[in-house]
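The next block holds one structure in the form of C-alpha coordinates; read it before the comments.
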Amino acid sequence: MARADAGDRPPGIRAVQTIVTRRRIDTLAVFTLSILVLSVAMSFLTGSPRFLLAKDGWLTAAAGIWMLITLARTPFIFQIVRTLLPKAARERAEINWRDSPTYRHVIRVITTMWGVVLILDAGVRGLLAYALPVSRVPLISGLQYLGVYLVLEVTTRLLARRKSVAAAVEAESGQEYLK
(Lines give C-alpha, C1' and ligand atoms only; values in the text may rest on other atoms or scores of the structure.)
Protein backbone atom coordinates (compact mmCIF):
# COMPACT_ATOMS: atom_id res chain seq x y z
CA MET A 1 0.00 0.00 0.00
CA ALA A 2 1.39 3.41 -0.96
CA ARG A 3 2.26 5.83 1.81
CA ALA A 4 0.04 8.95 1.84
CA ASP A 5 1.70 12.25 1.09
CA ALA A 6 1.75 14.74 4.00
CA GLY A 7 -0.39 17.13 1.93
CA ASP A 8 -3.18 14.51 1.90
CA ARG A 9 -3.74 14.68 5.66
CA PRO A 10 -6.00 17.12 7.55
CA PRO A 11 -4.15 20.15 8.99
CA GLY A 12 -4.46 19.02 12.63
CA ILE A 13 -2.98 15.59 11.96
CA ARG A 14 -0.29 17.04 9.69
CA ALA A 15 0.64 19.61 12.37
CA VAL A 16 1.12 16.94 15.04
CA GLN A 17 3.03 14.65 12.66
CA THR A 18 5.33 17.47 11.58
CA ILE A 19 6.05 18.47 15.17
CA VAL A 20 6.82 14.87 16.16
CA THR A 21 8.82 13.73 13.11
CA ARG A 22 10.55 16.92 11.98
CA ARG A 23 10.50 18.92 15.19
CA ARG A 24 9.09 21.96 13.45
CA ILE A 25 5.67 23.60 13.29
CA ASP A 26 3.57 23.32 10.11
CA THR A 27 2.50 26.94 9.72
CA LEU A 28 -0.27 26.17 7.25
CA ALA A 29 -1.85 23.74 9.71
CA VAL A 30 -1.46 26.26 12.54
CA PHE A 31 -3.07 28.93 10.33
CA THR A 32 -6.07 26.71 9.58
CA LEU A 33 -6.51 25.70 13.20
CA SER A 34 -6.15 29.33 14.35
CA ILE A 35 -8.92 30.50 12.03
CA LEU A 36 -11.19 27.68 13.23
CA VAL A 37 -10.52 28.41 16.91
CA LEU A 38 -10.99 32.16 16.35
CA SER A 39 -14.29 31.50 14.57
CA VAL A 40 -15.63 29.36 17.41
CA ALA A 41 -14.41 31.79 20.08
CA MET A 42 -16.00 34.78 18.36
CA SER A 43 -19.31 32.96 18.11
CA PHE A 44 -19.52 32.99 21.92
CA LEU A 45 -18.74 36.69 22.39
CA THR A 46 -22.17 38.18 21.79
CA GLY A 47 -25.62 37.30 20.60
CA SER A 48 -25.79 40.32 18.31
CA PRO A 49 -26.74 39.27 14.77
CA ARG A 50 -24.72 42.15 13.33
CA PHE A 51 -21.61 41.09 15.24
CA LEU A 52 -22.05 37.52 14.01
CA LEU A 53 -22.34 38.83 10.44
CA ALA A 54 -19.26 41.02 10.91
CA LYS A 55 -17.38 37.99 12.33
CA ASP A 56 -16.57 36.87 8.78
CA GLY A 57 -14.79 40.16 8.27
CA TRP A 58 -12.71 39.66 11.41
CA LEU A 59 -11.71 36.20 10.25
CA THR A 60 -10.86 37.53 6.80
CA ALA A 61 -8.76 40.27 8.42
CA ALA A 62 -6.96 37.69 10.55
CA ALA A 63 -6.17 35.66 7.43
CA GLY A 64 -4.88 38.76 5.63
CA ILE A 65 -2.73 39.82 8.57
CA TRP A 66 -1.34 36.28 8.88
CA MET A 67 -0.39 36.34 5.21
CA LEU A 68 1.43 39.65 5.60
CA ILE A 69 3.27 38.44 8.71
CA THR A 70 4.58 35.42 6.79
CA LEU A 71 6.40 37.73 4.39
CA ALA A 72 9.16 38.07 7.00
CA ARG A 73 10.15 34.41 6.53
CA THR A 74 8.36 32.04 4.19
CA PRO A 75 5.40 33.68 2.44
CA PHE A 76 2.01 32.06 2.90
CA ILE A 77 1.49 31.43 -0.81
CA PHE A 78 4.76 29.46 -0.98
CA GLN A 79 3.68 27.44 2.04
CA ILE A 80 0.45 26.56 0.23
CA VAL A 81 2.35 25.69 -2.95
CA ARG A 82 4.60 23.32 -0.99
CA THR A 83 1.63 21.69 0.72
CA LEU A 84 -0.58 21.17 -2.31
CA LEU A 85 1.89 20.11 -5.00
CA PRO A 86 2.88 16.51 -5.68
CA LYS A 87 6.40 15.56 -4.58
CA ALA A 88 8.25 16.23 -7.88
CA ALA A 89 6.62 19.63 -8.39
CA ARG A 90 7.17 20.50 -4.72
CA GLU A 91 10.89 19.75 -5.10
CA ARG A 92 11.05 22.01 -8.18
CA ALA A 93 9.30 24.76 -6.22
CA GLU A 94 11.83 24.38 -3.37
CA ILE A 95 14.73 24.71 -5.83
CA ASN A 96 13.08 27.71 -7.48
CA TRP A 97 12.60 29.32 -4.06
CA ARG A 98 16.23 28.70 -3.14
CA ASP A 99 17.83 29.72 -6.45
CA SER A 100 15.55 32.24 -8.15
CA PRO A 101 15.16 35.83 -6.93
CA THR A 102 12.40 36.28 -9.53
CA TYR A 103 10.43 33.34 -8.11
CA ARG A 104 10.79 34.66 -4.55
CA HIS A 105 9.72 38.14 -5.69
CA VAL A 106 6.60 36.85 -7.49
CA ILE A 107 5.62 34.73 -4.48
CA ARG A 108 6.04 37.72 -2.16
CA VAL A 109 4.04 40.01 -4.46
CA ILE A 110 1.21 37.49 -4.67
CA THR A 111 1.21 36.93 -0.89
CA THR A 112 1.18 40.71 -0.31
CA MET A 113 -1.69 41.15 -2.77
CA TRP A 114 -3.76 38.45 -1.06
CA GLY A 115 -3.05 39.83 2.42
CA VAL A 116 -3.89 43.45 1.56
CA VAL A 117 -7.02 42.55 -0.42
CA LEU A 118 -8.29 40.30 2.38
CA ILE A 119 -7.81 43.09 4.93
CA LEU A 120 -9.67 45.55 2.67
CA ASP A 121 -12.37 42.93 2.09
CA ALA A 122 -12.71 42.54 5.86
CA GLY A 123 -13.31 46.27 6.26
CA VAL A 124 -16.05 46.18 3.65
CA ARG A 125 -17.63 43.12 5.29
CA GLY A 126 -17.72 44.89 8.67
CA LEU A 127 -19.20 48.00 7.13
CA LEU A 128 -21.87 46.01 5.30
CA ALA A 129 -22.74 44.02 8.45
CA TYR A 130 -23.61 47.23 10.31
CA ALA A 131 -24.96 49.35 7.43
CA LEU A 132 -27.30 46.99 5.57
CA PRO A 133 -30.44 45.24 6.74
CA VAL A 134 -29.47 42.01 8.52
CA SER A 135 -31.49 39.90 6.08
CA ARG A 136 -29.44 41.11 3.09
CA VAL A 137 -25.94 40.75 4.49
CA PRO A 138 -25.49 36.97 4.02
CA LEU A 139 -26.31 37.11 0.30
CA ILE A 140 -24.19 40.18 -0.35
CA SER A 141 -21.34 38.79 1.75
CA GLY A 142 -21.46 35.51 -0.17
CA LEU A 143 -21.40 37.31 -3.51
CA GLN A 144 -18.57 39.52 -2.28
CA TYR A 145 -16.58 36.47 -1.21
CA LEU A 146 -17.04 34.91 -4.64
CA GLY A 147 -16.07 38.12 -6.44
CA VAL A 148 -13.00 38.80 -4.31
CA TYR A 149 -11.80 35.20 -4.60
CA LEU A 150 -12.25 35.17 -8.38
CA VAL A 151 -10.39 38.47 -8.81
CA LEU A 152 -7.54 37.29 -6.56
CA GLU A 153 -7.31 33.90 -8.25
CA VAL A 154 -7.31 35.33 -11.79
CA THR A 155 -4.80 38.04 -10.88
CA THR A 156 -2.57 35.45 -9.18
CA ARG A 157 -2.58 33.26 -12.26
CA LEU A 158 -1.87 36.22 -14.56
CA LEU A 159 1.08 37.33 -12.43
CA ALA A 160 2.50 33.84 -11.96
CA ARG A 161 2.12 32.63 -15.53
CA ARG A 162 3.76 35.48 -17.39
CA LYS A 163 6.28 34.19 -19.91
CA SER A 164 8.91 36.66 -18.72
CA VAL A 165 8.61 35.27 -15.17
CA ALA A 166 8.87 31.67 -16.36
CA ALA A 167 11.93 32.48 -18.49
CA ALA A 168 13.67 34.33 -15.64
CA VAL A 169 12.96 31.57 -13.09
CA GLU A 170 14.19 28.86 -15.46
CA ALA A 171 17.36 30.84 -16.23
CA GLU A 172 18.06 31.52 -12.54
CA SER A 173 17.30 28.07 -11.13
CA GLY A 174 17.71 25.73 -14.10
CA GLN A 175 14.28 24.28 -13.22
CA GLU A 176 10.97 24.32 -15.03
CA TYR A 177 8.76 27.02 -13.54
CA LEU A 178 5.23 25.72 -14.02
CA LYS A 179 4.37 22.23 -15.13
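Count residues from 1 along the sequence. Just so you know, these numbers use all the heavy atoms, side chains as well, and skip hydrogens, waters and symmetry mates.
Distance CH2/Trp66 to CG/Leu118: 14.5 Å, rounded to 0.5 Å. If you take CG on Leu84 and CD on Gln79, they are separated by 11.5 Å, rounding to the nearest 0.5 Å. Taken to the nearest 0.5 Å, the CE atom of Met113 stands 8.5 Å off from the OG1 atom of Thr111. A distance of 11.0 Å separates OG1 of Thr74 from CD1 of Ile107, quoted to the nearest 0.5 Å. Interatomic distance, Arg108 CZ to Thr70 OG1, rounded to the nearest 0.5 Å: 9.5 Å. Between atom CG of residue Asp121 and atom OG of residue Ser141 there is a gap of 7.5 Å, rounded to the nearest 0.5 Å.
A continuous path of ILVMFWY side-chain contacts below 4.5 Å connects Leu53 to Leu132, so both sit in one hydrophobic cluster. In this structure, Val124 is not a member of the same hydrophobic cluster as Leu127, with clusters built from ILVMFWY side-chain heavy atoms closer than 4.5 Å. Cluster membership check: Val106 shares its hydrophobic cluster with Ile77, using side-chain heavy-atom separations under 4.5 Å among Ile, Leu, Val, Met, Phe, Trp and Tyr.
The two residues Phe78 and Ala93 make their nearest non-hydrogen contact at CE1-O, 3.6 Å. Between Val165 and Ala160 the shortest heavy-atom distance is CG1-O, 4.1 Å. In this structure, Ser100 and Ser173 approach most closely via the heavy-atom pair CB-CB, 4.3 Å. Of all heavy-atom pairs spanning Ile140 and Leu128, the tightest one is CG2-CD1, 3.8 Å. Heavy atoms only, all atoms of each residue included: Ala54 and Gly126 are closest at CB-CA, 4.4 Å. Taking all atoms of both residues into account, the shortest heavy-atom contact from Leu85 to Arg90 is O-NH1, 2.8 Å.
Side-chain contact annotation: Thr156 with Trp114, donor-acceptor N/O pair under 3.5 Å present.
Remark: Tyr145 engages Arg125 in a side chain to side chain contact (heavy atoms under 4.5 Å, CB included) (not counting sequence neighbours).
Looking at Thr155, its side chain never comes within 3.5 Å of a backbone N or O of Leu152 through a donor-acceptor pair. Between the side chain of Arg162 and the main chain of Leu159, a donor-acceptor pair closer than 3.5 Å is present.
Alongside Leu120, the hydrophobic cluster contains Ile65, Leu68, Ile69, Leu71, Val116, Ile119 (criterion: ILVMFWY side chains under 4.5 Å). Residue Val154 shares its hydrophobic cluster (ILVMFWY side chains chained together at separations under 4.5 Å) with Leu158.
Salt-bridge formation is not detected for the pair Arg98/Glu94: no Lys NZ or Arg NE/NH1/NH2 atom is positioned less than 4.0 Å from an Asp or Glu carboxylate oxygen.
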